[in-house]
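Within every chain, numbering begins at 1; the chains are lettered A, B, ... in the order of the sequence lines, protein sequences first and strands thereafter. Values below: all heavy atoms of this structure, side chains included; hydrogens, waters and symmetry mates excluded.
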Amino acid sequence: MAEAGPRAVVIEDDDDVRGLVRAVLAAAGIEVIAVAAGLAGIAAVREEGADLVVLDYGLPHMDGAQVAAGIRAVSAVPILLLTGREDLVRDLPAGVTDAMAKPFTVADLRRRAQALLLP
Amino acid sequence: MGRLGLGQGWARFVQLSVHGLSQRQQVLLSQVPLAAALALVAVVAVVWRPDVAADPLFGWGLLGQVLLLGVAWGVPWGSLPFGAALVVPLLDFVPIGMVRLAGLGTQMQLGVLAVVPVVWLGWSGLRPGFCMAAAFLGPLLMVWVPLAVAGSADPGAYAQVLVLPAMMLAAGAVVHLLAAVTRDQWRSIEGARAQLQQALEAKAREKRLLDTVLETIPVGVQALDAAGTTAVANRQQYLNKALAGRVPGVGQDWPRVFDMSGAPLPPQRQPVVRAVRGESFSDFLVRLGQGPAQRVFSTSARPVRGPDGAPDGAVLAFSDVTSLMEALAAKDVFLASVSHELRNPLTSMTGYLDLLHETPGMPVGTRHALEVLRRNTDRLERLVGDLLAAASGVVDVRPEPADVAELVRLAAEAAVPAARSAGVGLKDGTVDAWLPAVVDPVRIAQLLDNLLSNAVKYTRGGGSVEVRAFRVPGGIVCEVRDTGIGMSPEEVAAVFTRFYRAPGAKTAHVPGLGLGLTIARSIVEGHGGRIECSSTPGAGTTFTVFLPDRPSSTGEAPSRGPGTPAGQQPQHTGPRRQ
């Protein structure tokens with residue numbers, strides 16, 4: 001983490017939601033690496049390093065819980081889960097730091113991202 | 001035993017003589033003993049008394065008896081009146097009299113043979129007076145005619161021989177009496193037998209009916225006796241047992257019984273064992289069998305009570321509800337996946353609308369358009385949330401200190417535009433300015449919105465809707481009363497059923513998913529409260545919600561406040577008094 005600003009890896013298969021999250025985080029001064037699949041996300045965290053992971057639960061091939069476990073194998077980075085399932089917001093999957101129900105407000109995303117970036 | 005044997009012998013004999021044989025056979029049978037006796041007499045006479053055998057009367061007598069046998073055999077008695085057969089025993093007296101006279105009166109004791117026709121006369125039971133007279137007069141003629149023919153004028157001789165007719169009359173009377181008694185007995189035995197037969201037939205019919213019922217219903221039925229042994233089971237239940245891997249005759253537990261989570265059910269919790277213990281239960285769900293063959297059963301049991309009320313076995317019913325469970329699961333999966341699929345586009349829409357809204361320098365018209373869009377995406381989001389909540393059957397309730405009076409005020413304000421366009425008067429009748437409570441303000445607002453929009457939807461122009469909240473001992477009551485179209489008692493009973501829409505609502509073309517009230521009830525129950533509905537068709541409907549200060553355990557669902565970092569204890573796990 002030689003760069004000045006914090007870096008977030010966004011893992012979301014829906015292009016529009018990924019674009020939204022990227023736009024909100026970038027506007028908050030966060031460097032964003034956005035990918036559409038779980039394995040690419042784990043690789044990005046391992047190779048580039050990250051201060052925050054924003055992870056969608058409903059990913060193809062690997063779901064969010066499996067991706068979170070994969071990230072935990074390489075990093076202790078905080079993971080913010082995005083999901084349409086309210087039960088996952090109540091009972092966080094292993095390795096997940098915080099969760100937000102879809103649809104969320106931009107303000108809420110901004111607030112939580114910043115709360116997780118503060119040590 | 002002996003008496004019984006004798007009774008049965010008599011009964012069989014009478015049955016033979018009355019029912020078993022044709023009339024010709026009966027008449028012939030009445031002649032056989034006499035014919036046999038005379039044949040014996042003939043043999044004795046030929047061997048030891050050739051003088052008697054040589055007497056023409058003896059020969060005529062034997063011939064007469066042979067002729068009578070022929071008559072008994074040859075005459076079609078069946079087509080003659082039944083009494084006609086009496087002629088045969090009457091005529092029997094003639095050969096007997098002849099044989100008696102043969103040997104110049106030395107074989108007078110042969111007159112006793114008259115007892116045979118007398119017995120038959122007495123036994124016949126026909127014309128008792130005539131038969132008794134014949135039983136006396138026949139032997140009388142038999143003894144007097146020879147005297148008269150011989151020209152005897154001695155009254156003493158006539159009187160002496162009266163012994164035989166008197167004896168015969170007595171014998172006839174006794175036989176007649178015995179026959180009457182036997183017939184009586186036979187009739188009562190026959191009656192009892194017929195009743196028994198009827199009872200047996202009725203029982204057999206009942207059993208056939210029961211068997212057919214048991215085999216027709218698609219439910220496995222099993223009856224156990226007090227020892228837990230199967231007394232009755234239908235084919236379906238044997239199939240169910242086979243599915244559960246039950247080995248016949250080895251204990252009562254079934255090896256392949258699982259609870260709904262798929263864990264093996266210990267024997268003491270298995271339906272059959274519970275039923276043997278005398279437990280009464282309904283709709284106890286179990287899985288029987290393994291792998292793809294596994295089925296879900298709703299099981300019920302009731303103990304059978306003996307005459308003294310003590311447990312005397314049990315009846316079990318196993319109803320296969322696999323298809324129902326699969327349909328329910330498929331519907332929930334469908335609803336859930338539809339809801340999830342709707343949430344991604346909603347997220348993009350609300351998110352970009354938020355970003356646009358934050359953009360400075362937006363023209364007023366554009367800003368207004370954005371607000372309309374945002375409001376409608378909120379509405380869509382709420383509908384999706386309703387669908388998902390209905391599918392999962394759970395509403396997330398996060399209680400926190402809030403003012404119910406303020407929530408009612410806001411809900412009433414929010415309903416004003418809809419009420420105005422429908423021409424319905426709307427009134428907030430809450431008197432208290434402040435009604436503090438520990439509730440989930442978002443959910444209570446949703447509840448009030450639901451009830452108010454319902455009330456406005458189902459009230460015609462000119463009607464009115466009133467909402468009010470007030471404190472009662474132990475909690476707060478919210479009430480929404482309308483003067484709308486109302487509902488029948490049947491509709492009221494079904495009003496909280498999900499996807500239920502009252503017929504009146506459908507005919508009035510009131511839009512809706514039929515989820516609002518189901519979710520309203522889930523919200524109230526999530527707070528540990530109650531919701532009730534009372535309605536009169538044509539007069540209006542009132543929904544009453546009771547929110548307790550201290551919800552029961554059902555209201556204390558684990559919840560996490562928004563933004564609570566992981567690992568931190570939830571802010572409000574239970575209610576707090578203000």
Is there side-chain contact between A:K102 and B:L346, with at least one heavy-atom pair below 4.5 Å?
no

**Asked** With side chains defined as the heavy atoms from C-beta onward, is the minimum distance between A:L82 and B:R343 less than 4.5 Å?
**Response** no

Nearest heavy-atom contact between B:T350 and A:P103 is OG1-CB, 3.7 Å

Here the gap from B:L355 atom CG to A:R110 atom CZ, rounded to the nearest 0.5 Å, amounts to 7.0 Å

dist B:M349:CE -> A:L20:CG (nearest 0.5 Å) comes out at 12.5 Å

Honestly, the part of A:A27 sitting under 4.5 Å from a heavy atom of chain B is neither

When the 4.5 angstrom heavy-atom criterion is applied to A:D16 and chain B, the contacting part is both

Is there a donor-acceptor pair closer than 3.5 Å between any side-chain N or O of B:N344 and the backbone N or O of A:D14? no

### Query
Would one find more than 12 heavy atoms of other residues, nucleotides or ligands at under 6.0 Å from atom CZ of B:R530?
no

